[in-house]
Amino acid sequence: MYTRITRHIKVTVRPQYVPGESRPSDGRYFWAYTIEIVNMGPETVQLRSRAWQITDESGRREEVRGPGVIGQQPVLDPGERFEYTSGCPLGTPSGMMVGTYQMVADSGESFDVEIPAFSLDSPHVKRIVN
(Lines give C-alpha, C1' and ligand atoms only; values in the text may rest on other atoms or scores of the structure.)
Protein backbone atom coordinates (compact mmCIF):
# COMPACT_ATOMS: atom_id res chain seq x y z
CA MET A 1 0.00 0.00 0.00
CA TYR A 2 1.06 3.54 -0.75
CA THR A 3 -0.44 6.51 1.14
CA ARG A 4 -0.22 10.30 0.86
CA ILE A 5 -2.15 13.01 2.72
CA THR A 6 -2.63 16.45 1.16
CA ARG A 7 -4.80 19.09 2.86
CA HIS A 8 -6.59 16.49 4.99
CA ILE A 9 -7.36 14.28 1.97
CA LYS A 10 -5.85 10.81 2.37
CA VAL A 11 -5.17 8.80 -0.79
CA THR A 12 -4.20 5.12 -0.48
CA VAL A 13 -3.26 2.97 -3.49
CA ARG A 14 -3.10 -0.83 -3.67
CA PRO A 15 -1.69 -2.04 -7.02
CA GLN A 16 -1.91 -5.67 -8.10
CA TYR A 17 -0.49 -7.45 -11.14
CA VAL A 18 -3.25 -9.24 -13.11
CA PRO A 19 -1.84 -12.35 -14.82
CA GLY A 20 -5.15 -13.17 -16.53
CA GLU A 21 -5.13 -9.85 -18.41
CA SER A 22 -1.39 -9.98 -19.19
CA ARG A 23 0.40 -11.60 -22.12
CA PRO A 24 4.14 -11.40 -21.42
CA SER A 25 4.95 -13.24 -24.68
CA ASP A 26 3.26 -10.36 -26.54
CA GLY A 27 4.81 -7.65 -24.35
CA ARG A 28 1.55 -6.88 -22.51
CA TYR A 29 1.51 -6.52 -18.74
CA PHE A 30 -1.58 -5.40 -16.85
CA TRP A 31 -2.18 -4.08 -13.32
CA ALA A 32 -5.31 -3.24 -11.40
CA TYR A 33 -5.07 -0.59 -8.72
CA THR A 34 -7.59 0.21 -6.02
CA ILE A 35 -7.64 3.73 -4.66
CA GLU A 36 -9.30 4.87 -1.47
CA ILE A 37 -9.85 8.61 -0.95
CA VAL A 38 -10.78 9.75 2.57
CA ASN A 39 -11.81 13.29 3.49
CA MET A 40 -10.27 13.78 6.93
CA GLY A 41 -10.85 17.55 6.87
CA PRO A 42 -13.65 19.84 8.04
CA GLU A 43 -14.92 20.85 4.59
CA THR A 44 -16.87 19.03 1.86
CA VAL A 45 -14.82 18.50 -1.32
CA GLN A 46 -15.48 17.26 -4.83
CA LEU A 47 -13.01 15.42 -7.05
CA ARG A 48 -13.24 17.16 -10.43
CA SER A 49 -10.41 15.68 -12.50
CA ARG A 50 -7.28 13.55 -12.50
CA ALA A 51 -3.81 13.76 -14.01
CA TRP A 52 -1.50 10.74 -14.20
CA GLN A 53 2.10 10.24 -15.25
CA ILE A 54 2.75 6.62 -16.19
CA THR A 55 6.36 5.58 -16.77
CA ASP A 56 7.45 2.16 -18.02
CA GLU A 57 10.78 0.53 -17.15
CA SER A 58 12.33 1.93 -20.35
CA GLY A 59 11.59 5.48 -19.20
CA ARG A 60 8.76 6.09 -21.68
CA ARG A 61 6.25 8.44 -20.07
CA GLU A 62 2.56 8.84 -20.83
CA GLU A 63 0.33 11.53 -19.38
CA VAL A 64 -3.37 10.85 -18.86
CA ARG A 65 -5.81 13.61 -17.90
CA GLY A 66 -9.55 13.65 -17.67
CA PRO A 67 -12.66 14.50 -15.71
CA GLY A 68 -13.34 12.57 -12.52
CA VAL A 69 -12.50 8.92 -11.99
CA ILE A 70 -14.31 5.92 -13.54
CA GLY A 71 -16.95 8.31 -14.91
CA GLN A 72 -17.69 9.90 -11.52
CA GLN A 73 -16.88 13.17 -9.77
CA PRO A 74 -17.49 12.10 -6.18
CA VAL A 75 -18.43 14.56 -3.42
CA LEU A 76 -16.93 13.73 -0.03
CA ASP A 77 -18.34 15.21 3.15
CA PRO A 78 -16.04 15.32 6.19
CA GLY A 79 -15.26 11.75 7.26
CA GLU A 80 -16.52 10.17 4.02
CA ARG A 81 -14.53 7.86 1.78
CA PHE A 82 -14.67 6.85 -1.88
CA GLU A 83 -13.03 3.76 -3.35
CA TYR A 84 -12.61 2.67 -6.95
CA THR A 85 -10.58 0.22 -9.02
CA SER A 86 -9.03 0.91 -12.40
CA GLY A 87 -6.27 -0.59 -14.51
CA CYS A 88 -3.07 0.14 -16.38
CA PRO A 89 -1.45 -1.78 -19.24
CA LEU A 90 2.27 -1.52 -19.95
CA GLY A 91 4.54 -2.89 -22.64
CA THR A 92 7.26 -3.67 -20.08
CA PRO A 93 7.25 -5.89 -16.97
CA SER A 94 7.48 -2.96 -14.58
CA GLY A 95 6.83 0.75 -14.28
CA MET A 96 5.41 3.37 -11.99
CA MET A 97 2.50 5.76 -11.70
CA VAL A 98 2.09 9.08 -9.89
CA GLY A 99 -0.54 11.77 -10.18
CA THR A 100 -2.89 14.35 -8.75
CA TYR A 101 -6.59 14.83 -8.24
CA GLN A 102 -7.98 18.31 -8.77
CA MET A 103 -10.45 19.01 -5.98
CA VAL A 104 -12.88 21.84 -5.26
CA ALA A 105 -13.88 22.71 -1.71
CA ASP A 106 -17.32 24.02 -0.70
CA SER A 107 -15.71 27.46 -0.41
CA GLY A 108 -15.02 27.34 -4.17
CA GLU A 109 -11.27 26.97 -3.71
CA SER A 110 -9.56 24.57 -6.14
CA PHE A 111 -6.53 22.57 -5.03
CA ASP A 112 -4.49 19.53 -6.03
CA VAL A 113 -4.27 16.37 -3.96
CA GLU A 114 -1.20 14.20 -4.53
CA ILE A 115 -1.58 10.56 -5.48
CA PRO A 116 1.48 8.75 -4.09
CA ALA A 117 3.95 7.31 -6.57
CA PHE A 118 3.54 3.55 -6.74
CA SER A 119 5.41 0.81 -8.52
CA LEU A 120 3.99 -1.67 -10.99
CA ASP A 121 6.10 -4.80 -10.69
CA SER A 122 5.21 -8.08 -12.32
CA PRO A 123 6.67 -11.50 -11.51
CA HIS A 124 8.47 -11.14 -14.87
CA VAL A 125 10.79 -8.39 -13.57
CA LYS A 126 14.45 -9.36 -13.57
CA ARG A 127 15.84 -8.40 -10.19
CA ILE A 128 19.52 -7.57 -9.79
CA VAL A 129 20.99 -7.38 -6.32
CA ASN A 130 24.28 -5.51 -5.93
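Numbering of residues begins at 1 and proceeds along the displayed sequence. Values below: every heavy atom of this structure, side chains too, minus hydrogens, waters and symmetry copies. No experiment lies behind these values; they were computed from the predicted model shown.
- Phe82 and Val13 fall within the same hydrophobic cluster, defined by Ile, Leu, Val, Met, Phe, Trp and Tyr side-chain heavy atoms under 4.5 Å apart, directly or through other members.
- The closest side-chain heavy-atom distance from Pro42 to Pro78 is not below 4.5 Å.
- With sequence neighbours excluded, no residue forms a salt bridge (charged side-chain N to carboxylate O under 4.0 Å, His left out) with Arg23.
- With Thr6 as reference, Val113 is the one residue of Ile115, Asp112, Val113 to meet the side chain to side chain contact (heavy atoms under 4.5 Å, CB included) rule.
- Hydrophobic clustering (side-chain heavy atoms under 4.5 Å, transitive across Ile, Leu, Val, Met, Phe, Trp, Tyr) groups Val64 together with Val69.
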**Step-by-step side-chain contact (heavy atoms from CB on, under 4.5 Å) determination, Val45 to Phe111** = CA-CA 10 Å; Val45 298; Phe111 61 97; 4.0 Å; yes
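- Under a hydrophobic clustering in which Ile, Leu, Val, Met, Phe, Trp and Tyr are joined whenever their side-chain heavy atoms come within less than 4.5 Å, directly or via other members, Ile35 and Ile70 fall into the same cluster.
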**Request:** Take Val18 and Tyr29, measure what side-chain contact (heavy atoms from CB on, under 4.5 Å) needs, and give me the verdict at the end.
**Result:** CA-CA 8 Å; Val18 184; Tyr29 303 86; over 6 Å; no
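- Other residues, nucleotides and ligands contribute over 12 non-hydrogen atoms within 6.0 Å of the CZ atom of Arg28.
- Scanning both residues, Ser94 and Asp121, for their nearest heavy atoms gives CB-OD1, 3.5 Å.
- Ser122 contributes a side-chain N or O that, together with a main-chain N or O of Pro93, makes up a donor-acceptor pair within less than 3.5 Å.
- One finds the CG atom of Leu120 at 11.0 Å from the CD atom of Glu57 (value rounded to the nearest 0.5 Å).
- With a 6.0 Å radius and a threshold of 12 heavy atoms from other residues, nucleotides or ligands, Glu80 has its CD atom above the threshold.
- Of the inter-residue distances, the one linking Asp56 atom CG with Leu90 atom CG reads 6.0 Å to the nearest 0.5 angstrom.
- Interatomic distance, Met96 CE to Thr55 OG1, rounded to the nearest 0.5 Å: 6.5 Å.
- Here the side chains of Thr92 and Arg60 are in contact, with some heavy-atom distance below 4.5 Å.
- Pro74 is not listed as a side-chain neighbour of Ile37, based on a closest heavy-atom distance of 4.5 Å or more.
- Side-chain contact, Glu36 with Thr34: no donor N or O sits under 3.5 Å from an acceptor N or O.
- Classification of Arg65 and Glu63 as a salt-bridged pair holds, one side-chain N sitting under 4.0 Å from a carboxylate O.
- One finds the CG atom of Asp77 at 11.0 Å from the CD atom of Glu43 (value rounded to the nearest 0.5 Å).
- The shortest side-chain heavy-atom distance between Met40 and Arg7 does not fall under the 4.5 Å cut-off.
- With respect to Glu114, the salt bridge (charged side-chain N to carboxylate O under 4.0 Å, His left out) criterion is satisfied by exactly one of Arg50, Lys10, Arg4: Arg4.
- With contacts defined as side-chain heavy-atom distances shorter than 4.5 Å, the pair Cys88/Ile54 qualifies.
- Of all the heavy atoms in Asn39 and Thr44, the pair that sits closest is ND2-CA, 4.1 Å.
- The side-chain heavy atoms of Arg48 and Pro67, taken from C-beta on, include no pair separated by under 4.5 Å.
- Note that CZ of Phe30 and OG of Ser22 are 8.0 Å apart. Values are rounded to the nearest 0.5 Å.
- By the neighbour-count criterion of 12 heavy atoms within 6.0 Å, atom CZ of Arg81 is densely surrounded, having more than that number from other residues, nucleotides or ligands.
- Gln46 places none of its side-chain heavy atoms less than 4.5 Å from the side chain of Leu76.
- Closest approach of Ser49 to Gln102, counting heavy atoms only: OG-OE1, 2.5 Å.
- Contact of the Trp31 side chain with the Pro89 side chain is not registered, since no non-hydrogen atoms from C-beta on lie closer than 4.5 Å.
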**Request:** Check step by step if side-chain contact (heavy atoms from CB on, under 4.5 Å) holds for Ser119 and Tyr2.
**Result:** CA-CA 9 Å; Ser119 64; Tyr2 303 82; 3.0 Å; yes
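- In the hydrophobic clustering of this structure, Ile5 groups with Val38; members are Ile, Leu, Val, Met, Phe, Trp, Tyr whose side-chain heavy atoms approach within less than 4.5 Å, directly or through other members.
- When all heavy atoms of Ala32 and Thr85 are compared, the closest pair comes out as CB-CG2, 4.3 Å.
- Under the ring-ring contact (aromatic ring centres under 6.0 Å, His included) criterion, Tyr33 pairs with Trp52, Phe118, not counting sequence neighbours.
- Val104 and Tyr101 fall into different hydrophobic clusters, where Ile, Leu, Val, Met, Phe, Trp and Tyr residues are linked whenever their side-chain heavy atoms come under 4.5 Å apart, directly or through other members.
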